[in-house]
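Taking it in order: structure first as structure tokens, then the write-up.
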Amino acid sequence: MAGVLTSQAQDFPRWYQDVIAKAQLAENGPVRGTMVIRPWAYAIWERLQSALDERIKATGARNAYFPLLIPEAYLRREAEHVEGFSPELAVVTHGGGKALDEPVVVRPTSETIVNAYIARWVSSYRDLPLLLNQWANVVRWELRPRLFLRTSEFLWQEGHTAHTSAEEAHAFALRILDDVYAATMVNELAIPVYRGRKTERERFAGATVSWSCEGAMRDGKALQMGTSHELGQSFARAFGTQYADRDGELRHPWQTSWGTSTRLLGAMIMAHGDDAGLRVPPRLAPVQVAVLVARAGEGVAEAAQALIDDLSAHGVRAELDDALEVSLGRRITDWELRGVPVRVELGPRDLAAGVAVVARRV
RNA sequence: CGGGGCGUAGCGCAGCCUGGUAGCGCGCCGCCUUUGGGUGGCGGAGGUCGCCGGUUCAAAUCCGGCCGCCCCGACCA
């Protein structure tokens, strides 16, 4: 059929933008780099989020929430960290109609404010390991934004942990990389990933080692999909986090931080989408089976509803499409664009013959 | 921030060079027709032509300034 989208071969970036628009996944916000996530994409994100959350909790980490606004001075406490993030900070200078005595920054990531509190909560080796995770939005003033892949504001999960040894922190950072990130990417997103250590240049600002999961996209490029960092003791020193060890000595804990974001939706689009549109991995698909009433007829609506009920009873997320005022071709194209894994078409002809058209899109 | 391009209806664009009633496609609304892969027909709604100023009898069009956006580069989850 004549493509609704620019083909991937012709212009991959253009195809990417087309799918996002036509499948109604997201749009640009009024402020440069911001993004409106539309219901279909958000529903996929929610499923991805819960899959990640489950695995994060399985490591023993617990969810918490820290403020969006951070005193600028906090950022300055860790030299390399502030140097890395300063160029992309959004800074609030006014509040309540008056200039603030000290500007506050909108979090670009939360190492600093989390550590300000970890310092208060850790005083004994018995308090460790401390394993925290937060689901939040962060802001980084990006020069060249691209929907999902690099937006000025994005949704993510950021973990922050403290341990009694470098070895334990190292092991935990890798556990997140393997058991949480790679596992979710492979099993939920159905994207094979390459795990490895980031180069010195790409290392997270303030980390000693950065580990990354990179996935292969259909344009032949790799995309960083999740990172896990060993922070050493630099943040602990910067924020004065110390604990009394078994031997009575005061020591700084060894820390990690790790994150994945709505960029994963961009990865899903680029790793699975084709010239007909998006293809959503079945485990993440908000609708796994779309049942289309192809044409009105005696008993067709009832048969379609019976199929929906049967699928639902078996734990399959199924949705009825009986919008007969919209042409069948149009509806088929729309479901293809949105990437629903299985489509069933049912009409009087099928009913009479005791069959149904089933199309897979996985 | 450096290089290039573009701002005209919700979206995508033509018109600008050569000033003279603001157009096309898609989408939207109504009616009819159709419906098994983006149906077809008829009718309709919708625009301070990015903003400010200048030239002119007359500016989307010419001139000046400003603002915004997109693409490439550098930076980045």
Side-chain angles (χ1 to χ4, degrees), chain A residues 1-6 11-14 16-18 20-22 24 27-35 83-89 107-111 136-159 181 185 198-199 201-205 207 210-215 222-229 257-267 276-277 292-297 300 321-337 343-353 355-359 361:
Chain A
M1 76 179 225
V4 175
L5 306 167
T6 303
D11 184 344
F12 198 87
R14 177 78 184 275
Y16 180 80
Q17 291 188 333
D18 282 359
I20 290 174
K22 298 272 187 176
Q24 303 184 350
E27 286 183 29
N28 286 314
V31 173
R32 179 178 165 75
T34 57
M35 167 172 63
E83 191 187 331
F85 280 101
S86 283
E88 45 189 300
L89 289 180
R107 65 179 163 225
T109 180
S110 304
E111 274 76 8
N137 56 337
V138 289
V139 169
R140 300 177 185 179
W141 217 257
E142 297 292 350
L143 299 175
R144 268 191 72 195
R146 251 185 111 191
L147 288 172
F148 293 122
L149 300 175
R150 186 177 47 237
T151 46
S152 292
E153 178 191 6
F154 55 94
L155 306 183
W156 79 342
Q157 145 287 306
E158 54 178 318
Y181 293 162
M185 289 162 196
K198 287 300 224 180
T199 61
R201 221 180 117 271
E202 293 180 306
R203 195 166 42 79
F204 176 76
S210 284
W211 301 93
S212 173
C213 272
E214 314 256 342
L223 180 73
Q224 178 173 309
M225 293 171 64
T227 47
S228 185
H229 315 288
S257 72
W258 26 279
T260 53
S261 72
T262 36
R263 170 180 276 189
L264 291 175
L265 293 174
L292 285 71
V293 173
R295 188 181 177 133
V300 177
D321 177 355
D322 59 354
L324 290 166
E325 69 278 8
V326 180
S327 78
L328 181 67
R330 177 104 202 181
R331 288 184 286 143
I332 289 171
T333 306
D334 283 344
W335 285 112
E336 280 180 345
L337 277 168
R343 183 179 75 244
V344 177
E345 299 166 20
L346 203 55
R349 244 186 257 163
D350 307 293
L351 206 58
V355 299
V357 174
V358 178
R361 182 160 171 69

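Naming: A, B, ... by sequence-line order, numbering from 1 per chain. Values below: every heavy atom of this structure, side chains too, minus hydrogens, waters and symmetry copies.
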> Taking the same atom, C1', in B:C31 and in B:U48, what whole-Å distance lies between them?
Replying inline: 34 Å
>> Say we look at B:C17 and B:C6: how far apart would their P atoms be, to the nearest angstrom?
In response: 15 Å
> Which base sits across from B:U18 as a Watson-Crick or G-U pair, both distances under 3.5 Å?
Replying inline: none
> In chain order, what residues pass the side-chain hydrogen bond (donor to acceptor under 3.5 Å, both in side chains) check against A:S257, with sequence neighbours excluded?
Replying inline: A:E111
> Does B:G73 have a Watson-Crick or wobble mate here (both distances under 3.5 Å), and if so which one?
Replying inline: B:C1
> Rounded to the nearest Å, what distance is computed from the CZ atom of residue A:R14 to the C1' atom of nucleotide B:C70?
Replying inline: 12 Å
>> From CD of A:Q24 over to P of B:G10, roughly how many Å is that when rounded to an integer?
In response: 18 Å
>> What is the separation between atom CH2 on A:W141 and atom P on B:C1, rounded to the nearest whole Å?
In response: 15 Å
>> Quick check against the 3.5 Å criterion: does A:T333 have a side-chain atom that pairs as donor or acceptor with the backbone of A:G329?
In response: yes
> Considering residues at least two apart in sequence or located in another chain, which fulfil the ring-ring contact (aromatic ring centres under 6.0 Å, His included) criterion with A:F154?
Replying inline: A:W156
>> In whole Å, measure the gap between the C1' atoms of B:C51 and B:C67 for me.
In response: 7 Å
>> Counting only Watson-Crick pairs (N1-N3 plus N6-O4 or O6-N4) and G-U wobbles (N1-O2, O6-N3), all under 3.5 Å, who is the partner of B:U34?
In response: none
> If you look at every strand shown and take non-hydrogen atoms under 4.0 Å, does A:Q17 touch a base, only sugar-phosphate, or nothing?
Replying inline: sugar-phosphate
> Which whole number of Å gives the distance between the C1' atom of B:C29 and that of B:C66?
Replying inline: 39 Å
> With both distances under 3.5 Å as the test, what is the Watson-Crick or G-U wobble partner of B:U55?
Replying inline: none
> Which atom pair, heavy atoms only, marks the closest approach of A:Y16 to A:G266?
Replying inline: OH-CA, 3.4 Å
> Can any side-chain N or O of A:E88 pair as donor or acceptor with the backbone N or O of A:P108 at less than 3.5 Å?
Replying inline: no
> In whole Å, what separates the P atom of B:G65 from that of B:C26?
Replying inline: 40 Å
> On a whole-Å scale, what distance lies between the C1' atoms belonging to B:G15 and B:G47?
Replying inline: 15 Å
Write out a two-atom table: protein N or O, nucleotide N or O from nucleotides 75-77 of chain B, distance below 3.5 Å.
| unit_1 | atom_1 | unit_2 | atom_2 | d |
| --- | --- | --- | --- | --- |
| B:C75 | OP1 | A:R201 | NH2 | 2.8 |
| B:C76 | O2' | A:E142 | OE2 | 3.1 |
| B:C76 | O2 | A:R150 | NH1 | 3.4 |
| B:C76 | N3 | A:R150 | NH1 | 2.9 |
| B:A77 | O3' | A:Q224 | OE1 | 3.3 |
| B:A77 | O3' | A:Q224 | NE2 | 2.2 |
| B:A77 | O3' | A:R263 | NH1 | 3.0 |
| B:A77 | O2' | A:R263 | NH1 | 2.9 |
| B:A77 | N6 | A:T151 | N | 3.0 |
| B:A77 | N6 | A:T151 | O | 2.4 |
| B:A77 | N1 | A:T151 | N | 3.4 |
| B:A77 | N3 | A:S261 | OG | 3.1 |

>> Can you check the distance between B:G64 and B:G20, where both ends of the measurement are the C1' atom (answer in whole Å)?
In response: 24 Å
> What residues, two or more places apart in sequence or in another chain, satisfy side-chain hydrogen bond (donor to acceptor under 3.5 Å, both in side chains) together with A:E27?
Replying inline: A:R38
> Say you pick atom P in B:C16 and the same atom in B:G23; how far apart are they, in whole Å?
Replying inline: 15 Å
>> The criterion is side-chain hydrogen bond (donor to acceptor under 3.5 Å, both in side chains); which residues satisfy it with A:S212, sequence neighbours excluded?
In response: A:E214
> Does the side chain of A:V326 come within less than 4.5 Å of A:D321's, by heavy atoms?
Replying inline: no
Please list, pair by pair, any protein nitrogen or oxygen found under 3.5 Å from a nitrogen or oxygen in nucleotides 27-36 of chain B.
| unit_1 | atom_1 | unit_2 | atom_2 | d |
| --- | --- | --- | --- | --- |
| B:G36 | N7 | A:R349 | NH2 | 3.2 |
| B:G36 | O6 | A:P348 | N | 3.1 |
| B:G36 | O6 | A:R349 | N | 2.8 |
| B:G36 | N1 | A:D350 | OD2 | 2.5 |
| B:G36 | N2 | A:D350 | OD1 | 3.4 |
| B:G36 | N2 | A:D350 | OD2 | 2.6 |

>> Quiz question: by atom type and distance under 3.5 Å, do the side chains of A:E142 and A:S152 form a donor-acceptor pair?
In response: no
>> Whole angstroms only, please: what is the CD-C1' distance between A:E27 and B:C70?
In response: 16 Å
>> Within the 4.5 Å heavy-atom criterion, are A:M185 and A:L264 side-chain neighbours or not?
In response: yes
> To the nearest Å, how far apart are A:D334 CG and B:G37 P?
Replying inline: 15 Å
